[in-house]
Amino acid sequence: MAIRYHDNPFGKHKPGGPKGRVVIVEDGCKGCGFCVEYCPNDVLVLSSRYNVKGYHPPEVVHPDKCVNCGFCRMICPEFAIYTVAIEPETV
Amino acid sequence: MAIRYHDNPFGKHKPGGPKGRVVIVEDGCKGCGFCVEYCPNDVLVLSSRYNVKGYHPPEVVHPDKCVNCGFCRMICPEFAIYTVAIEPETV
Amino acid sequence: MSVIDELQQAVKNSPRQSPGDEHPMSNFLRMDRIPHIWCPTCGIGTTVNCFAQALERCSIPLDDVAVVSGIGCTGRVAGYVKTDSFHTTHGRAIPFATGLRLGNPKLKVVVFSGDGDLFSIGGNHFNHAARRNLDMTVICVNNFNYAMTGGQVAPTSPTDSVLTTSPYGNFETPFNLPFLAESVGATFVARWTALHIHRVTESMIKALMKPGFSFIEIIAPCPTIFERKNKFGDGLDRLKFYHDNSEIIHGAPTKDVDIGLRNKIIVGEFVDIERPTFIESMNAYLKRRLGSDYDIYEG
Amino acid sequence: MSVIDELQQAVKNSPRQSPGDEHPMSNFLRMDRIPHIWCPTCGIGTTVNCFAQALERCSIPLDDVAVVSGIGCTGRVAGYVKTDSFHTTHGRAIPFATGLRLGNPKLKVVVFSGDGDLFSIGGNHFNHAARRNLDMTVICVNNFNYAMTGGQVAPTSPTDSVLTTSPYGNFETPFNLPFLAESVGATFVARWTALHIHRVTESMIKALMKPGFSFIEIIAPCPTIFERKNKFGDGLDRLKFYHDNSEIIHGAPTKDVDIGLRNKIIVGEFVDIERPTFIESMNAYLKRRLGSDYDIYEG
Amino acid sequence: MDGDHACCEGALAAGCRFVAGYPITPSTAVVERFARRIPRVGGVFIQMEDELASSIAIQGAVWAGKKAMTVTSGPGYSLMMEHIGLAVMTECPCVFVNVQRGGPSTGLPTLPGQADMMQARWGSHGDYEIIALCPDSPQECFDFMIDAFNLSEQYRVPVMFMMDECIGHMIEKVTIPEADKIDVTPRNYTKLPPDQYLPFKPAENMVPEMVKAGDGYRIHVTGLTHDYRGYPVMSADCQEELVHRLVNKINRNEEKIRHIIATDIEDADVVVIAYGITARVAVDAIALARKQGVKVGLLRLVVVWPFPEAVIRDLANKGKALVMAEMNYGQIYYEVERCAQGKVPVLLAGHGGGDVHKTEAIAEKIVEANKCLS
Amino acid sequence: MDGDHACCEGALAAGCRFVAGYPITPSTAVVERFARRIPRVGGVFIQMEDELASSIAIQGAVWAGKKAMTVTSGPGYSLMMEHIGLAVMTECPCVFVNVQRGGPSTGLPTLPGQADMMQARWGSHGDYEIIALCPDSPQECFDFMIDAFNLSEQYRVPVMFMMDECIGHMIEKVTIPEADKIDVTPRNYTKLPPDQYLPFKPAENMVPEMVKAGDGYRIHVTGLTHDYRGYPVMSADCQEELVHRLVNKINRNEEKIRHIIATDIEDADVVVIAYGITARVAVDAIALARKQGVKVGLLRLVVVWPFPEAVIRDLANKGKALVMAEMNYGQIYYEVERCAQGKVPVLLAGHGGGDVHKTEAIAEKIVEANKCLS
Amino acid sequence: MSRTEIKIGGFGGQGVILTGFIIGKAASIFDMKNATMTQAFGPEARGSACSSQVIVSEDKIRYPYVKRPNVMVMMSQEAFNKFSPQIDPHGIMLIEEELVDPAGLPDTVTVYSIPATRIAEELGKKIVLNMVMTGFFTAVSRIISREAARKAVADSVPPGSENLNLNAFEKGYEWGLKQLEG
Amino acid sequence: MSRTEIKIGGFGGQGVILTGFIIGKAASIFDMKNATMTQAFGPEARGSACSSQVIVSEDKIRYPYVKRPNVMVMMSQEAFNKFSPQIDPHGIMLIEEELVDPAGLPDTVTVYSIPATRIAEELGKKIVLNMVMTGFFTAVSRIISREAARKAVADSVPPGSENLNLNAFEKGYEWGLKQLEG
Ligand SMILES: Cc1ncc(C[n+]2csc(CCOP(=O)(O)OP(=O)(O)O)c2C)c(N)n1
Ligand SMILES: Cc1ncc(C[n+]2csc(CCOP(=O)(O)OP(=O)(O)O)c2C)c(N)n1
Ligand code: SF4
Ligand code: SF4
Ligand code: SF4
Ligand code: SF4
Ligand code: SF4
Ligand code: SF4
Ligand SMILES: [Mg+2]
Ligand SMILES: [Mg+2]
């Protein structure tokens, strides 16, 4: 995967600012890689393990980099990933 | 009927030239007046009598003026009028 | 003297059909079915004359022509033309014609039907046949209403038209048929009124001779219903209206040619483009892919 | 260690759903029906996210929203959104929506369906609803094929597409949907791909808030069939293709936005005009004609 | 007032406030009258682009909370078959009016027929049951349209109102009672809150309670086989539970739905069975046959579907010969023959439509049936 | 080869060279195979925009001289009803394939049903008769498609080929005979010159000879009631002449069209009647019942319409109890009950579809029927 | 006379159906009798042959069709040829004088004729021909009262055209009275 | 064994139907037995649970469904849970080792397992998983001959992919032989 497509993400998303905690519904994931590919901050990678359906779900590799932009949630066709805002004081 | 609409007939018809004999299928006529109105040479008028269906069919008032243009035939919605070319020698 | 006697008399005085005479269109029309069912001063018969004239003038053998109609006053056209002719179901003339043409590509297939038939119930078939550029000429007599069933509002009825199902005035917007036809891919699009008999004939000839999907809209009077309900007089009054209110603009942008109840009617030939027909494309693709396993389809 | 054990392990290590957590869209989606039936890397789910997001962002009470679908993969959308939702028959979502909206004009009615459903069998209803400017937002997920039935050619399949019923390459011309939509009277027309999630969401919000007939086409990957048959890879490959090959031209003339199999895809908001809606016109006409015999219709 | 107009007035009296239609002879006068009348009573008429659209638009309106109907004749009725199935499957109460004309195909658009009776029962794919009523006069068009709407609400089923061209175009005086004298069944809306309500869970009478869109129940409705929640379930078990109930809620209530009118049956040797206009025409034939000494009565079916099986079995058990008079080549005849179980002669007085029966044709059959008996 | 594919091959072998279709589960494989196969044999496949279009495009092709068919399943079949009527009225020989699934409405798209049998007979408005065949294996899909085309030509009638999802998706070996071993009925074109030919004048067998467009006959074809010339005539007399003939040309030839397969019937006390996949499933049930000592045979209906009335009457006269096994809540059952005339018990082994019968369910009915006898 | 059968025939556009309708309405609504009107017309809306039938009775009408009309009103030759054989041998036949030649009727039938088309044209609107006929019928047959007929006419024609139509009715009525006298 | 019943289960996308098809084809076309293959799948084309059933017999097959499968091939837990109770008490059960936990089977059933997904992924294409399974089935069950199976595979996969698929088949076949040995 040479080219990272989020380098020029569509739409109006602006990285930076708030923080998010990523939640992955593993059993629901079908390993499409959309979230991994389009996370503007490379928070995610696909893991090498299988879930119950035999897919490789993503895992969070840079939890601190998540800006809670919601792109992963919006683009996930399985409703299998989302983020929860981290209150500034809890960071 | 003040205005005669054929004064500026649509299409490419050019009056003058050949001659025609008008044939009217009286029983078929429904007295719409199209032929009378649009004959470029005022060959026809609506008669005052009724045909079997109670309509006033046209009658030929200027047989010699007919140029066999076919306008009456084309515009007659009842297929009730047409012209036959008159061979020059028979005129 | 009763009418009947008077008539007997008139017959003698008047230039009536003599035994040797035949209507010059009797090769094109089923004269054994005349009188037809259309009302006095109805415009449909005039459009049929134009069609007969077009057939006579273009070189296609009559045995190769097939006319397909749906249901409606105009739908009865198929019953009066002396070609192979099919009076199908309401709205489905085009798919029938599709099968007919694909079944035998030697046939010149003409769909002759009403505005309701072609664009209300049958609208989808129009879209798809045009998109596919199927070889057929579609002639629509647009009388702005469903005449056969007694004058209901149609998808072509101008806003404000009074009809039996728009008793308080039509508040819908009608289709702009040439725009619609262009957007779905028709390669030839023209509009005339029933008064433009020579223009109609010429556009018909062009359409008949052009491969692919061609469309002609003919505005025609329906004195019994549309004109009466909207107080437009009889057919003759209506022809006069057309005369005074139609403007010929060939190549007018189809987007701009919509029709209002009392407005100017823009007529003319609007679209005339080239693209491969369904059968041409089919033959090209299948030959390319199947090679000698495929014989060019000719029926 | 088997996958299952591994998974148990992973569950502990990984940031999974904790009991208190809820998917932020669970007010908009029937989470009790997830997993849905769509294939891995299918684009439909993404469009549903955009829709949920649009609903969240625009101010319409969810109880007033109704979603109507026809039959197809996209047709299953109605089954997953947590609004009043109707999964009707193939091609007939729009007339159902017509009755729903006219039955209760307080409802915000959204038709969410596939390209085959809306433009093949259902094409005529689209024409007429747009013509009437009925209040509804039609969202079409265009995956260039009939996916639910296993990948047949659709009236949107680009020429050359290989599908089960175009095994030698599609030799038909597809509809240009924005052009078609404009020609029949849609007042808002936009096209995006499934990658343009923010744009899609914004166009949806606009469409939802605008009275009258609005139409959004969303190009989305169907990896199981369309992409596979045409060797375009999986959904991710396809999103990359969209990224590289789509160009935003707001207000582009719809005539020019047709789609080729491997060409650039023009996206954007193309049409945004104003004209009275069906109910507005109806109320205006009937009030004018019937006066005090008529109460403005509100359901 | 003619039958078509009376039908419209009956619908309005029954509370119908949404009509989607598409013109077709000989039913057009119904939609024309609605177009004129319904705006004055707070309803909507829309002329759809075709019958497919009409027959589903009304279902949208029903889910929006309206009582709704459509109207058509033969060819249009054939186009509605898919959506009759949808209405059955989603238990959407609505009324389909078919003013029958001569068929098959375009047939005789302006002339009468009664040959869509089996279609009304069997014309959509899959197994289902509907209710069908046949009026015999403009007055009944009015009165029984109200029944049609009421039955559709009671059983959440599409009801077929099977008129014919004769009745549709026949003009007779119609008496319209005052609104408060008319018995109208309101929709059976649930009283349960959203979190307890299951949209397709049958109540005791096998019919689920209803809600409408916009009321916060956020229901899902599908033509797929579905569970109590309305969610698709692709299994034979779910199918059996759902479809069997859809069939049984009508069949098992046949006796309640039944509407027949018997005249001079008690001592009759022969009973003429008829519906719609043919029942009126049969009157003369019966008079004629009586003159010839046959004891003959008339059983008129107002509700034709569900079929009053027990009534026919009973007549057969009592040994009465049966003459089925209908404007077709045998449709309800088959049902009568089946229920007669070979116990009595069953004769058909039928023809292809286009005109009502000749009195003599029915009378002959009566005499013949009487002869078979002895 | 599966049943869907075999059906396509059978059609090609029968000379079918035009197919218009619209995809729908579980019949899609048929059109997919045509798309691939037919260009290689000089024919045309077109995927139309819907089933309305498919079902009339084939009729256009027939009049152009092709043998033609369409294929669909439940919902699509419901949309074809108007055009089945047109084909009947215009005597257009063509074949409609319906791969039945669970209904009503969208129902169970991927699961089997046999509940469109009455629809095949009665689904279009007006009176008419068609022919319907039910294969029980991929091999029969091939073989009987040829019969279907041949019958359609012989009687100028639309023929319904009623498969089901099981057969459609069942894969078994199919033997395809050499082309010259296949008996194909050519279209019966007239030999009369145009000025002597009357397109709708019946020949002795009640079926008119045909011509095709482009041959100079300049015929007129209409769905209206018409005379021998094909011209519309709006009268009850013309209707009677035309429609009665359309009905009779099938009914009166029932014996010729009949195709039944009887197994172990002679000495049986109970006869199971079945068609399509259910006939195969019944085999196990019969074996089971035999083990329990019941003398039971099988009557398989290949041609279901026209119904072999005389055969059933005969079984009833011989006192054999009848068990109708079909994947619905009683359709052909009604016909069987009617023809049995109350002489023997007639039981239904039916269910709502979605899966074939449980062996035990049929066996129980057999045992029950046997008990009723004694 | 407990049951009177009336048949009206002509071609489309002559207002045959409306004439029947008005007669039925006059009888049932304004004269308080029972009336049943049925109609037969050709291809949907077009101008071919059509007829309407009215039965007027003191009792409830079950059999709704005309078998032996007591009164016939024929406005075209085609209709006359087709329907006149059905007439009751002692019935009365009303014809449009200029369009129908009433040949071949039994002597026992009384014929009354009127040049209704011409009268209507003189009134300026050919389409009120049927109102002339209705007036003529009312005068000659005496099945419905003049008052009821006038009310039914006024009630059944498009608003604004009442006067013209009533005028035509009166012309026909007068002609009828004269015929009865003469 | 005159009638052998085989049931294959998994979810859409795993190639369950094709596996059944190849087994049936191998038996009937190449091994000249009778075979009937039937299938059950979820919402039309999608990725939900599905199964296929094959009956192989020396005689003509009338009853076409599997009742007590002699051999089962289960590729997902869902399918296993649903179908495994049907197995013949003396049957054999083949499972995808990493996706199915074969709990609850009677002792009399012989279980063979293979990590088919991983093997397929190693071959570069997860979708050849079913071919690995087919090879495994061929080796373990001995209902169809290896040659017939190879021919059926080559005949049933998209042109150009024969090698990859046969490779996968062989990997599965080898694994099966090893299991039989071990
Ligand atoms: C399925 C079906 N629906 C409705 C009709 C009734 N019908 C016959 S013609 C017609 C309308 C015709 O309108 P148009 O095509 O504009 O023709 P016109 O009579 O105006 O020439 C309708 C609705 C029908 N015959 N079949
Ligand atoms: C009347 C009818 N015809 C055909 C079908 C079969 N069918 C179901 S979905 C579908 C096509 C769906 O295509 P599209 O709308 O593009 O949706 P997709 O699956 O691609 O999202 C078809 C033909 C049907 N259900 N009903
Ligand atoms: S919300 Fe998702 S896409 Fe956005 S930064 Fe966090 S992980 Fe990445
Ligand atoms: S987008 Fe969703 S389905 Fe795709 S990899 Fe990420 S979590 Fe999994
Ligand atoms: S042909 Fe007809 S229109 Fe032309 S001049 Fe002669 S009469 Fe006039
Ligand atoms: S155009 Fe024809 S119908 Fe009209 S007046 Fe002339 S002849 Fe008569
Ligand atoms: S109703 Fe209108 S369109 Fe039909 S024949 Fe009469 S005038 Fe012509
Ligand atoms: S078949 Fe295509 S459109 Fe349907 S769910 Fe699968 S990927 Fe999506
Ligand atoms: Mg029209
Ligand atoms: Mg699609």
Side-chain angles (χ1 to χ4, degrees), chain D residues 30 32-33 37 61-69 71 76 78-109 121-122 124-125 127-129 131-132 134 278-279 282 285-286 289-290 293-295 297-299, chain E residues 17-20 35-68 70 82-83 85-87 89-90 92 94 194 199 211-224 226 229-232 234:
Chain D
R30 297 188 194 273
D32 56 342
R33 295 204 62 211
I37 62 155
L62 265 191
D63 284 355
D64 289 353
V65 177
V67 174
V68 184
S69 295
I71 305 286
R76 290 303 187 96
Y80 298 112
V81 291
K82 208 197 265 176
T83 64
D84 286 313
S85 57
F86 301 90
H87 181 230
T88 62
T89 51
H90 188 40
R92 318 298 171 195
I94 289 177
F96 184 98
T98 301
L100 194 62
R101 167 74 194 186
L102 292 181
N104 179 359
K106 280 173 214 92
L107 294 175
K108 176 62 65 177
V109 177
I121 190 167
N124 202 32
H125 310 304
N127 287 6
H128 286 267
R131 175 176 70 73
R132 296 186 174 114
L134 277 162
F278 183 88
I279 292 183
M282 177 177 88
Y285 271 72
L286 295 179
R289 283 293 309 275
L290 294 176
D293 280 356
Y294 186 71
D295 291 335
Y297 182 73
E298 290 170 341
Chain E
R17 287 298 176 271
F18 183 88
V19 177
R36 195 170 276 282
R37 287 277 286 124
I38 212 168
R40 297 169 185 266
V41 297
V44 173
F45 165 76
I46 182 168
Q47 183 177 305
M48 294 300 285
E49 51 274 19
D50 61 20
E51 291 86 352
L52 302 161
S54 308
S55 57
I56 195 165
I58 61 169
Q59 301 187 41
V62 166
W63 286 108
K66 290 280 183 288
K67 290 194 180 180
T70 187
E82 188 186 8
H83 291 151
L86 179 70
M89 196 64 152
T90 56
C92 177
C94 52
V211 298
K212 61 178 194 290
D215 279 356
Y217 287 82
R218 311 241 197 122
I219 49 165
H220 181 58
V221 175
T222 177
L224 287 164
H226 47 270
R229 291 172 304 176
Y231 290 175
M234 299 294 92

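We name chains A, B, ... by the order of the sequence lines, and we start the count at 1 in each one.
- Both the sub-6.0 Å distance and the 45° axial angle are not jointly satisfied by D/Arg30 relative to the ring of D/Tyr80.
- Highest contact tally toward chain E, considering only D/Thr83, D/Thr98, D/Asn124, is held by D/Thr83 [criterion: heavy-atom pairs under 4.5 Å].
- The candidate with the highest count of non-hydrogen atom pairs below 4.5 Å against chain E, out of D/Lys106, D/Met282, D/Arg131, D/Arg132, is D/Arg132.
- For chain E, the option among D/Asp64, D/Asn127, D/Val67, D/Leu290 with the highest count of heavy-atom pairs below 4.5 Å is D/Leu290.
- For D/Ala78, the parts lying under 4.5 angstrom from a heavy atom of chain E are both the backbone and the side chain.
- Contact count versus chain E (heavy atoms, under 4.5 Å) is highest, among D/Ile94, D/Leu102, D/Asp295, for D/Leu102.
- Only the backbone of E/Asp215 comes within contact range of chain D, judged by heavy atoms closer than 4.5 Å.
- For a residue to count as touching a neighbouring chain, one of its non-hydrogen atoms must lie under 4.5 Å from one of that chain's; by this rule D/Arg101 does not touch chain E.
- There is no contact between E/Arg17 and chain D, counting heavy-atom distances below 4.5 Å.
- Residue contact with chain D, scored on non-hydrogen atoms closer than 4.5 Å, involves the side chain of E/Leu86 exclusively.
- For chain D, no part of E/Ala20 is nearby; none of its heavy atoms comes within less than 4.5 Å.
- The side-chain hydrogen bond (donor to acceptor under 3.5 Å, both in side chains) check on E/Arg218 picks up D/Asp63, with sequence neighbours excluded.
- Heavy atoms of D/Phe86 lying under 4.5 Å from chain E belong to its backbone as well as its side chain.
- Although no hydrogens or angles enter the test, the distance criterion places no donor-acceptor pair under 3.5 Å between the side chain of D/His125 and the main chain of D/Arg92.
- Between chain E and the options D/Leu100, D/Val81, D/Leu62, D/Asp84, heavy-atom pairs under 4.5 Å are most frequent for D/Asp84.
- Checking D/Ser69 against D/His87 by side-chain atom types alone, no donor-acceptor pair falls below 3.5 Å.
- With D/Tyr294 as the aromatic partner, D/Arg289 does not meet the cation-pi criteria of under 6.0 angstrom to the ring centre and within 45 degrees of the ring axis.
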